[in-house]
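Sequence positions, counted from 1, serve as the residue numbers for this chain. No hydrogens, no waters, no symmetry mates; every other heavy atom, side chains included, goes into these values.
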Amino acid sequence: MEKILVKTGVYSFVVTFFILVAFMQIEESTTDVEGMTSFVVTPYPEFFFHIFRYSIITSIIAVILGCVYILSNKKKE
């Protein structure tokens with residue numbers, strides 16, 4: 001059980017990290033009431049910190065879901 005949960009945590013962390021690096025945008029655009037658009041660029045250290053944080057959160061959720069799945073299968077047997 002522990003081996004499965006560790007693999008789930010590591011794999012979900014790595015996959016989420018790569019997906020967020022590929023698809024998360026480093027700049028955001030905002031439009032005012034008057035129609036003026038401004039761009040805010042996130043610095044790289046903060047950008048990777050956000051990606052790291054979201055990857056850890058996703059990994060914890062995946063481990064909890066894996067634990068619930070394993071425990072529910074044990075109760076059925």
Under a single-linkage definition using a 4.5 Å side-chain heavy-atom cutoff for Ile, Leu, Val, Met, Phe, Trp and Tyr, are F52 and F48 assigned to the same hydrophobic cluster? yes
Co-membership, hydrophobic cluster, residues I51 and I60, 4.5 Å side-chain: yes
Suppose we screen for ring-ring contact (aromatic ring centres under 6.0 Å, His included). Which residues come up paired with F47, at least two apart in sequence or across chains? none
Is there a path of hydrophobic side-chain contacts, each under 4.5 Å between heavy atoms of I/L/V/M/F/W/Y residues, joining I64 to L71? no
Donor-acceptor pair, side chain of S59 and main chain of S55, under 3.5 angstrom: no
According to a hydrophobic-cluster definition based on side-chain heavy atoms being under 4.5 Å apart (Ile, Leu, Val, Met, Phe, Trp, Tyr only), do I4 and V10 belong together? no
Could you list the donor-acceptor pairs under 3.5 angstrom formed between side-chain atoms of residues 16-37 and any protein atom two or more places apart in sequence or on another chain?
from	atom 1	to	atom 2	distance (Å)
T16	OG1	S12	O	2.6
T30	OG1	S38	OG	2.9

Find the distance between OH (Y69) and OG1 (T8) and round it off to the nearest 0.5 Å. 11.0 Å
For L65, what are the other residues in its hydrophobic cluster, where any two members join if their side-chain heavy atoms are less than 4.5 angstrom apart? I57, I61
Under the side-chain contact (heavy atoms from CB on, under 4.5 Å) test, residues paired with P45 that sit two or more places apart: P43
Of all residues at least two apart in sequence or in a different chain, which pass the ring-ring contact (aromatic ring centres under 6.0 Å, His included) check with Y54? none
